[in-house]
Structure formats: C-alpha cells, structure tokens
Student: 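Mind having a look at this structure? Questions to follow.
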Amino acid sequence: MAAAAARSFGPEREAEPAKEARVVGSEFVDTYTVYIIQVTDGSHEWTVKHRYSDFHDLHEKLVAERKIDKNLLPPKKIIGKNSRSLVEKREKDLEVYLQTLLAAFPGVAPRVLAHFLHFQFYEINGITAALAEELFEKGEQLLGAGEVFAIRPLQLYAVTEQLSQGKPTCASGDAKTDLGHILDFTCRLKYLKVSGTEGPFGTSNIQEQLLPFDLSIFKSLHQVEISHCDAKHIQGLVTSKPTLATMSVRFSATSMKEVLVPEASEFDEWEPEGTALEGTVTAVIPTWQALTTLDLSHNSISKIDESVKLIPKIEFLDLSHNGVLVVDNLQHLYNLVHLDLSYNKLSSLEGIHTKLGNIKTLNLAGNLLESLIGLHKLYSLLNLDLSNNRIEQMEEIRSIGSLPCLEHVTLLNNPVSIIPDYRTKVLAQFGERASEVCLDNTATTEKELDTVEVLKAIQKAKDVKSKLTNPEKKVGEDSRLLAAPCARPSGSPLTAAPTSASLPQPILSNQVSGVP
C-alpha cells in the first residue's frame with residue numbers, strides 16, 4: 001500500500017477509481033442490530049458501523065436536500081426486526097442503497113452522506129473539507145494564540161493530493177470548505193506538529209506513517225515536530241530553511257541526510273553555501289541558517305554524516321536513542337554547546353575533544369564505554385552524564401578529574417559505582433574542586449569532604465613522589481591547567497543537575513481531527 005500511495009503522489013496521479021460501500025456483516029448490540037460497512041477508496045479501506053435508524057436519518061435528509069427517491073431505502077420492520085433472515089436480507093438491501101447513492105454522486109458526496117461514511121477521516125475530499133472548515137472557524141484564533149498546531153500525516157497527504165489534482169479549491173460549493181482557508185493558515189503558521197500512528201489508522205488499512213506529503217505550503221515555520229512518518233516521503237521541509245529555528249524529527253529517519261539534505265542523492269558532490277569550493281562540486285546547497293535546536297532522537301541513524309555542515313548555527317543537538325558508532329563531523333558545529341548521544345553504540349571517545357571544543361553539556365549515558373580517554377581536554381564542559389556504561393576502573397575518572405569547569409557528573413549503573421567508598425574515591429579525583437562537584441545528582445556532604453581530604457593527602461604524597469621521579473610530566477600538566485581557566489566565577493553556587501540532556505520542550509499543542 002505504501003507503494004500505491006507513493007505512486008499516487010504528484011501530478012501524474014491516475015484517475016480516481018469509483019468508491020464502494022459494502023455491508024459485510026452485522027452484530028447485535030443491546031436491543032438492536034448494528035451493520036458493518038466496509039468503504040473502499042482506491043487502495044484505502046475503512047470500516048463504519050451504523051444501526052438501521054442511522055440509515056433512516058440519512059435517507060430523510062437526502063430526500064429533503066437532494067430530492068432522491070424516498071422509496072430507495074428498505075422499509076422499517078417492527079415484528080422480527082432482529083431475526084437472522086431479516087438481518088441478512090437487510091444487509092443486502094442496505095448495500096444496494098449505499099452503492100446507488102455513491103453512483104448518484106460520483107464527484108463530491110453530499111455532506112450528510114460523506115459524514116455517514118466517515119469521509120472526513122479517511123477520504124481526500126472529506127479530509128480537506130473538514131480541515132478547511134475548522135480553520136475557517138478557528139484559524140485566526142489559533143494563529144493569535146501562538147500554540148503548536150497539530151496535524152496528521154493523512155491530512156497533509158490529502159491536502160497535497162488535492163493540490164496536485166488541479167481541481168477547484170471549493171468542489172463542494174460550500175465556501176467554508178474552500179482549500180484556500182488551509183493555504184492561508186499554513187502560510188502564516190509558526191509552530192507545527194505532525195504525528196503519525198504506528199500501525200493502521202483508526203478503522204482503516206491506511207499506514208499513515210508511510211504516506212508522502214509536501215510541507216512547502218508552510219512559509220513561516222519557526223518550530224516543527226515530526227514523528228512516526230517516513231522521512232524519505234517528506235517533501236518541502238527545506239523550504240523552511242530561512243525561518244526554522246527548532247526542528248524535531250523522531251521515529252522517522254534512517255540517516256541525517258534524509259532530513260537535512262534530501263536533495264543530496266541527486267548530486268555526486270555538494271558543498272554548503274558560503275564555503276570555499278575545492279575540486280569537482282556539482283551543487284551548492286543553502287544552509288539551515290536559522291536552525292539552533294535539532295532533535296533527531298529515536299531514529300535509526302548509525303552515522304553523524306557530512307550533512308551537519310548545513311547546520312552551522314546549531315547549539316542543541318539530540319541524537320539519543322539511535323545506533324551511532326563513532327562521534328564524527330561535529331567539528332563543523334562551532335556553536336554546539338549541548339549534545340545528547342545517550343543510548344547509542346559508542347565504544348570509544350578517542351579524539352572527541354577535537355570535535356567538541358566548546359561543549360558544555362554532554363550526555364553519553366547508555367553506551368558501551370569502558371574508557372574515558374578523549375574527555376580530558378573538554379575544558380568548557382559543565383555537565384557530563386556517563387551513567388549506564390561499562391566503566392570499571394577508578395583510573396578512568398582521572399580523565400575528567402582535571403576538567404576545570406565540570407560541575408555535574410553522573411556515573412550511576414557503571415561497574416565502578418559498586419566499588420566500596422565509590423563516591424569519595426570519585427570526588428577525590430577532582431582534588432581541590434571536590435566540594436564544587438555534584439556526583440550522581442546528589443550534593444556532597446561534609447562527611448564525604450572530610451574523607452576526601454584524607455584521600456587527597458594520601459594522593460598528594462604519591463604525587464610528590466611522582467614529581468620527584470618525573471618532574472617534566474608534572475610541570476606539563478600544571479601548565480595545561482593554567483592555560484585553560486574556567487569561565488565560571490569562583491564561589492558561584494552549583495545549580496541543580498539536569499536530569500537528562502534533552503532538548504527544550506515545545507509549547508503546548510492544539511490537536512485537531514483525531515481518530516474517530
């Protein structure tokens with residue numbers, strides 16, 4: 001079905017097949033019978049349930065509004081209305097009734113019939129008409145409130161399909177359902193949320209997360225959240241490059257390129273706009289010049305690829321819950337201060353300081369780390385989460401003990417954390433700064449500091465002995481620390497440790513058009 005959806009996306013969409021409605025069964029509920037209707041629209045199918053009285057109400061309205069034959073609907077029965085033979089006959093008669101109605105209105109179905117068959121949830125014309133009417137009534141209020149506007153991939157797919165067909169924007173004749181209301185709203189919207197579903201949507205067979213859609217109708221986006229969609233089928237997101245400051249794409253992508261530079265597959269070699277061109281470059285691609293926050297967590301990304309060159313102003317980057325093996329290419333992000341690489345597949349940090357020169361918050365929880373070599377030169381680092389790794393040796397802590405600005409460290413659920421007197425031994429690695437460090441989100445006690453003083457005295461004696469045997473190494477270490485002073489004023493109080501390195505939370509959403 002995903003292939004069928006992809007084929008129907010665009011101007012070469014085949015002619016629409018006739019819609020069908022079949023009564024496929026019934027069920028007895030309390031004291032009445034409910035008829036199960038299966039509606040088919042191309043490759044999409046969904047189920048609707050109605051009792052006979054619903055059919056009767058529909059018929060009355062169609063007779064009044066559209067002058068259909070009043071004898072078209074099978075008559076009521078009082079005696080034996082729930083008998084199996086009558087129910088089976090009525091199933092066939094009601095199916096003929098629905099098929100006759102659909103044949104009578106091959107274009108846009110009357111509103112009352114469309115709602116009866118749940119077109120407003122599953123059928124292109126019905127979905128866009130319902131959305132247009134909602135925005136006609138509430139659009140200005142939603143824009144004025146500045147809230148996140150939530151929309152489903154199926155709704156965006158329907159709008160995209162409607163635009164690609166080149167039909168009148170108001171096919172039903174009702175001005176409230178004019179597609180122009182949607183386009184006017186999307187041109188001015190700043191905060192957008194697109195959330196798909198896992199598995200079929202509602203009572204249908206529609207796999208919403210696989211539907212293609214085009215976001216180029218949004219001209220003023222500052223923030224976008226996308227989840228449970230297929231990034232390969234999302235078009236037009238790059239048109240928001242001039243305005244987009246915050247972007248979240250989760251449960252949707254298999255690579256960073258899919259999101260940041262989808263057009264890369266068209267070119268052999270490309271470079272970001274504004275860089276010195278070397279060699280054979282077949283394309284120069286504009287950067288995301290306003291983007292400062294990017295959340296690509298909970299995807300299937302295995303590599304930090306060269307597409308990061310296109311996000312030079314990024315300050316907050318969340319790549320947690322992916323399959324990243326190596327920290328790479330981040331040297332292009334000069335403004336990066338907050339990085340979340342938790343729950344990936346990192347096993348080594350060697351050379352990481354050459355890629356994260358100005359980092360302040362680093363979350364490496366839930367990886368495969370045994371060694372902390374590579375962290376010892378992150379002189380700007382304030383917050384570090386190393387929980388749920390494989391760190392066994394206290395010697396590894398020395399790699400971070402000399403960092404001049406480090407204030408918050410988390411080492412929970414590492415083998416090293418079960419060593420006797422673990423807290424005091426870790427704090428002792430920070431020397432004179434032990435009182436300034438918050439370990440595992442717990443403030444250091446006076447008793448612990450007293451124990452640390454004892455350990456420091458022992459360590460000092462060892463250091464004196466080491467200095468006497470290797471004075472050049474000691475002088476080199478002192479010079480390095482003096483050359484990288486911490487920017488935090490002395491005596492400033494410790495702030496509460498962040499519980500995670502997650503990105504800033506989006507503003508409250510306004511959900512529309514939910515599951516029936």
Side-chain angles (χ1 to χ4, degrees), residues 248-251 256 293-304 314-328 330 333 336-353 355-356 358-378 380-401 403 405-419 422-423 425-427 429-430 437-444 494-505:
S248 172
V249 180
R250 305 166 75 234
F251 302 102
M256 297 182 72
T293 300
L294 178 60
D295 180 357
L296 292 177
S297 64
H298 295 275
N299 284 297
S300 301
I301 297 169
S302 59
K303 179 182 178 183
I304 304 175
I314 282 292
E315 298 173 12
F316 298 85
L317 178 59
D318 189 346
L319 287 168
S320 63
H321 298 275
N322 278 287
V324 176
L325 298 167
V326 178
V327 180
D328 206 2
L330 295 180
L333 306 183
L336 185 64
V337 294
H338 179 123
L339 176 63
D340 191 341
L341 285 169
S342 60
Y343 299 95
N344 277 278
K345 297 180 180 179
L346 299 174
S347 58
S348 173
L349 300 174
E350 193 165 352
I352 193 173
H353 66 281
K355 302 175 178 69
L356 300 175
N358 301 315
I359 203 75
K360 292 184 178 179
T361 297
L362 180 59
N363 191 342
L364 296 169
N367 279 283
L368 309 173
L369 299 173
E370 298 178 4
S371 171
L372 300 184
I373 293 175
L375 296 179
H376 64 290
K377 291 185 179 180
L378 297 181
S380 300
L381 195 61
L382 295 172
N383 309 298
L384 177 62
D385 190 342
L386 292 164
S387 57
N388 294 288
N389 275 284
R390 300 177 179 180
I391 303 164
E392 295 184 11
Q393 303 299 323
M394 191 61 63
E395 289 292 321
E396 295 297 331
I397 311 303
R398 291 189 178 181
S399 294
I400 59 174
L403 294 179
C405 298
L406 193 58
E407 295 178 350
H408 303 287
V409 183
T410 306
L411 289 164
L412 292 171
N413 297 320
N414 278 282
V416 72
S417 65
I418 63 173
I419 293 175
Y422 147 76
R423 284 184 57 84
K425 288 180 180 177
V426 169
L427 291 169
Q429 304 302 317
F430 292 88
V437 175
C438 179
L439 176 61
D440 295 338
N441 302 316
T442 302
T444 306
L494 284 175
T495 56
T499 55
S500 72
S502 59
L503 294 169
Q505 294 296 310

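Counting begins at 1 with the first residue of the sequence.
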Student: Does atom NZ of K360 have more than 12 heavy-atom neighbours from other groups under 6.0 Å away?
Tutor: no
Student: So, for L356 and L378, which heavy atoms are closest and what is the spacing to 0.1 Å?
Tutor: O-CD2, 3.4 Å
Student: Only one of V409, T361, L362 passes side-chain contact (heavy atoms from CB on, under 4.5 Å) with N383; say which it is.
Tutor: T361
Student: Do the side chain of E396 and the main chain of L372 share a donor and acceptor less than 3.5 angstrom apart?
Tutor: yes
Student: May I ask you to decide if I391's main-chain N or O and N389's side chain share a donor-acceptor pair within less than 3.5 Å?
Tutor: no
Student: So, taking the atom named CZ in R423 and the one named OG in S417, what distance separates them when rounded to the nearest 0.5 Å?
Tutor: 11.5 Å
Student: Please check if any side-chain donor atom of T442 sits under 3.5 Å from a side-chain acceptor atom of D440, or the reverse.
Tutor: no
Student: Spell out, as yes or no, whether a donor-acceptor pair under 3.5 Å connects the side chain of N367 to the backbone of N344.
Tutor: yes
Student: Closer than 3.5 angstrom, by distance alone: can the side chain of T444 be matched with the main-chain N or O of V437 as a donor-acceptor pair?
Tutor: yes
Student: Measure up the H353 and H376 rings against each other and bin them: parallel (under 30°), tilted (30 to 60°), perpendicular (over 60°).
Tutor: tilted
Student: Any donor and acceptor pair, going by atom type alone, linking the side chain of D340 with main-chain N or O of S342 inside 3.5 Å?
Tutor: yes
Student: Minimum heavy-atom separation for R250 to H298, with atom names?
Tutor: NH2-CD2, 3.1 Å
Student: Treating N299 as the side-chain partner and N322 as the backbone partner, does any N or O pair qualify as donor plus acceptor under 3.5 Å?
Tutor: no
Student: Would you say D385's side chain and S387's backbone share a donor-acceptor pair under 3.5 angstrom?
Tutor: yes
